Structures are given as structure tokens and as C-alpha cells.
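Quick caveat: nothing in here was measured; it's all calculated off a predicted structure. All values below come from the heavy atoms of this structure, side chains included, with hydrogens, waters and symmetry mates left out.
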Amino acid sequence: MEATDGTNTETASFTYAIRPTVTEEPLPAGLLDGLNFDPNDATRATLVLYAPGKEFVHVIGDFNNWTVNDSYLMKRDSTQDRFWLELTGLTPQFDHLYQYLVELDINIADPYSTLILDGYGNDNFIDETT
């Protein structure tokens with residue numbers, strides 16, 4: 001958006017989001033909260049997040065260039081207050097990095113993760129022992 005008075009020009013930009021349509025689907029049997037590896041396929045895993053009262057959750061990570069993409073919109077099982085998403089095409093024996101983006105407003109780590117990312121870029125200052 002741009003406005004001018006003939007001498008000065010002011011510009012502003014904004015981002016808007018449209019609430020996505022979430023697929024309501026039961027959580028597959030046997031999955032626990034957090035990261036669930038597929039025992040038969042090392043390139044597949046399912047993420048499960050307990051998020052009562054939330055309407056939608058995206059997964060962002062190194063596998064989607066940390067961008068919001070409805071291909072990574074989690075399915076919802078409202079009977080269990082869980083969101084879940086099966087990831088495919090993962091690199092075996094590689095620590096993929098990801099976060100949950102709740103309602104396009106809050107980035108959270110997986111509460112069951114053993115590695116937490118610092119959003120301020122300080123991860124490289126954490127030594128191997130830690």
C-alpha cells in the first residue's frame with residue numbers, strides 16, 4: 001500500500017491469513033503425543049499434538065523451508081483434542097527440525113522433543129555436551 005502527498009511517499013504492507021479448512025479425522029490407533037516413527041518406513045513419521053481449544057495447527061520445519069503451507073496443516077481429532085500429521089519423504093538418520101505454528105500466531109516446540117530450537121538464532125552457542 002502506498003500513499004503520497006506529492007512530496008512525501010509513505011508505504012505500508014500487511015499480511016492477512018484466511019482460516020484454513022481443517023480435516024476432521026480420528027487419530028490412528030497406537031500413536032502417542034509427540035513424534036511417532038513408522039517402524040516399517042524410515043522416511044515416514046507422524047506428529048501428534050495435544051491442543052485443546054485450538055482451531056488449526058501447521059507444522060513448519062526444514063522439510064518445508066519453515067513456511068506455512070496447507071500441505072502441512074495438521075488433521076484434527078476433536079474427540080481427543082489432538083492434531084496429527086503424517087510426514088513423508090524424510091531423510092533417515094537425520095534430525096529434522098520443526099515447530100508447531102498454532103493458529104498462525106504461536107510457534108511452539110514439540111513438548112516431547114529432546115531438542116528445542118531457539119527462535120533468536122542462539123542455537124550455535126549451545127555446546128555439544130549441553
Would Phe63 and Tyr72 count as a close aromatic pair, with their ring centres under 6.0 Å?
->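 Under 6.0 Å, so yes.
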
Taking the six-membered ring for Trp, are the ring centroids of Phe94 and His96 within less than 6.0 Å of each other?
->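 Ring centroids of Phe94 and His96 are less than 6.0 Å from each other.
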
Heavy-atom pair of closest approach, residues [X] and [Y]:
X	Y	value
Asp62	Asp95	OD2-O, 4.1 Å
Leu73	Val57	CD1-O, 3.5 Å
Glu103	Gly53	OE2-O, 4.3 Å

Taking the side chain as every heavy atom from C-beta outward, state whether Glu10 and Thr4 have any pair of such atoms under 4.5 Å apart.
->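 Heavy-atom side-chain distance check fails, nothing below 4.5 Å.
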
If we ignore angles and hydrogens, is there a donor and acceptor under 3.5 Å between the side chains of [X] and [Y]?
X	Y	value
Tyr100	Asn107	no
Thr67	Asn65	no
Thr79	Asp77	yes

List for me each residue that meets side-chain hydrogen bond (donor to acceptor under 3.5 Å, both in side chains) alongside Glu55, sequence neighbours excluded, and say none if there are none.
->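 For Glu55, the residues satisfying side-chain hydrogen bond (donor to acceptor under 3.5 Å, both in side chains) (neighbours in sequence not counted) are Arg19.
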
List in chain and number order the residues that pass side-chain hydrogen bond (donor to acceptor under 3.5 Å, both in side chains) with Ser78, two or more places apart in sequence or in another chain; answer none if no residue qualifies.
->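 If we apply the side-chain hydrogen bond (donor to acceptor under 3.5 Å, both in side chains) test to Ser78, skipping adjacent residues, the hits are Glu24.
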
For Glu2, check salt bridge (Lys or Arg N to Asp or Glu O under 4.0 Å) against everything at least two apart and list the hits.
->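 Result, salt bridge (Lys or Arg N to Asp or Glu O under 4.0 Å) vs Glu2: none returned.
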
